[in-house]
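By convention in this document, chain letters (A, B, ...) are assigned in the order of the sequence lines, proteins followed by strands, and residues within each chain are numbered from 1.
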Number of protein chains: 2
Amino acid sequence: MPSEKPARRKPRQVRAELTRDRILNAAAHIFTEYGYAAGTTNRIAERARVSIGSLYQYFPNKDAILAELVLNHIDEGGADTPITDSPDRDLETVLRLFVRKTIDNHRADPRLLRLMLEEAPLSPDLLTKIIRYSHKRIAQLKHVLATHPEVRVTDLDMAARLIENTVELVTHKLMAESVEAQRLENELVAMLSRYLRG
Amino acid sequence: MPSEKPARRKPRQVRAELTRDRILNAAAHIFTEYGYAAGTTNRIAERARVSIGSLYQYFPNKDAILAELVLNHIDEGGADTPITDSPDRDLETVLRLFVRKTIDNHRADPRLLRLMLEEAPLSPDLLTKIIRYSHKRIAQLKHVLATHPEVRVTDLDMAARLIENTVELVTHKLMAESVEAQRLENELVAMLSRYLRG
DNA sequence: GAAGTATCTGAATATCAGCTCACAATAGTG
DNA sequence: CACTATTGTGAGCTGATATTCAGATACTTC
């Protein structure tokens, strides 16, 4: 299912913006509830209380809807927020903040997130953006590691990638299995801080 | 897409067995190449050089094909093989063997594995088997941790789940990004052994 | 308030994949 | 070789979903 199409009409009246928003909102709910394949455009339109025609006035196809949700998530989800605001805290605190933020993020809407990460049809363009975002986060993390006095690992690049992915993926998986968040947080922080202190 | 159907005919001649195998083989390739949704039954049949009718003589539906691939993978993939054969090695060695095995496993066919883990349509029955398998692995790991003298963690249950998932998921992800296997192995082992030794 | 533009509608269409079934070919048996 | 059982075939049926389009409705502007 490719996805190139001439651009859709851009909203010029307020009501159009509202319609667009309703569609995106409905899509988030429908995808969450039904998954991507079973989340049909008709269901989305119905939920948004909009005709199917309207939906296609703002999105060239179904893929584009999920793609936009992913993008929104990326750039509201702290593309700019640094990993830690105060770099002079002790290592464990920094790690705890990092872990907690990820856990909180997942608590909000785990199913939609899972969908985005795993089922999203990745157009080359979207893929590029996601990769760029991911690199940015890893670079930030690497910087924190490089700067912090308590850190004692040699392969900084690998360490940053390892940590970023570990926290993200494990949180995902275990939160889905309804592990108690506090225990997860503690154990992750323990693992990472012992690792980094060498 | 549910999946209950009267059982298909069982092969009684050699040629039938061969056909069945060809179908499974082809399915593995097709799913790997196209993903689950775009891996159509017709494509699979074509690749297996078998008519679509034959395919449906051995599998009640598309889901069942992937389900069988998952099952095969599970019980050839060391459901019985213990995590470590010689329990008197030092901790780092034990961990290294564990990590290496996972990495080797993924080298074989990362995309298919990813598919199985993420896109497989999980019938309740299949889900049960997968969960049972997963619990078994975690229990084994927990036993190793509980037994080994070098291990110093309090929350053994959480630790076992954390480690199992970390190794599995991170290997998955990073091997897909073509990280160098040796570096990954080293860093994972470093992280885990420092963590466990406290 | 009339003309022009933007927005919305939803029945109709296009597409496409899973799957069936009536029949054909091949293997086994005596 | 005749007869049965097993296996194989593939055109086409079925149902589901994405997407279109001709026309209705609502806003904006002068």
Compile the donor-acceptor pairs under 3.5 Å between side chains in residues 45-54 of chain A and protein atoms, sequence neighbours left out, one pair per line.
from	atom 1	to	atom 2	distance (Å)
A/S51	OG	A/G53	N	3.3
A/S51	OG	A/S54	N	3.3

- Note on the structure: Assign each of B/I52 and B/V14 the nucleotide of DNA chain D bearing its closest heavy atom; nearer the 5' end lies the nucleotide of B/V14
- Identify whether the distance between the nearest side-chain nitrogen and carboxylate oxygen of A/E33 and A/R43 falls below 4.0 Å. no
- Query: Given atom CG of A/L55 and atom P of D/dT17, what is their separation to the nearest angstrom?
  - Reply: 15 Å
- Starting at atom CD1 of B/I65, determine the distance to atom C1' of C/dG18, rounded to an integer number of angstrom. 11 Å
- Ignoring hydrogens and angles, state whether a donor on the side chain of A/D63 or A/Y36 is under 3.5 Å from an acceptor on the partner side chain. yes
- Just by distance, with hydrogens left out, do A/Q182 and A/N186 show a side-chain donor and acceptor under 3.5 Å apart? yes
- Message: Here's a test for you: under salt bridge (charged side-chain N to carboxylate O under 4.0 Å, His left out), which of A/R107, A/R100, A/K101 qualifies with A/E185?
- Response: A/R100
- Message: Can you list, in residue-number order, the parts of residues 40-49 of chain A that come under 4.0 Å of DNA chain C, counting heavy atoms only?
- Response: none
- Query: Closest nucleotide of DNA chain C for B/R15 versus for B/G39: which of these residues is on the 5' side?
  - Reply: B/G39
- A/R22 CZ - C/dC8 P separation (whole Å): 8 Å
- Message: With a cut-off of less than 4.0 Å, is there a side-chain N or O of A/Y56 near OP1 or OP2 of D/dC21?
- Response: no
- Query: Rounded to the Å, how far apart are B/Y34 OH and C/dC16 C1'?
  - Reply: 16 Å
- Note on the structure: Closest of D/dA18, C/dT20, C/dG18 to the B/K62 side chain is C/dG18
- A/Y58 has a side chain; which of D/dG8, C/dT9, C/dT7 sits nearest to it? C/dT7
- Task: Please state whether the phosphate of C/dG10, meaning OP1 or OP2, lies under 4.0 angstrom from any side-chain nitrogen or oxygen of A/S51.
- Result: no
- Item | Atom pair distance, as rounded to whole Å: CG in A/N61 and C1' in C/dT15 | 15 Å
- Message: Test of understanding: with side chain to side chain donor-acceptor pair (under 3.5 Å), list the residues that count as partners of B/N42, not counting sequence neighbours.
- Response: none
- Grab the CG-C1' distance between A/D63 and D/dT19 for me, whole Å please. 13 Å
- Please state how far atom CZ in A/R20 lies from atom C1' in C/dA6, giving the value in whole angstrom units. 16 Å
- Item | Side-chain ion pair, A/K173 and B/E168, N-O less than 4.0 Å | no
- Item | Interatomic distance, A/F59 CZ vs D/dT17 P [rounded to whole Å] | 21 Å
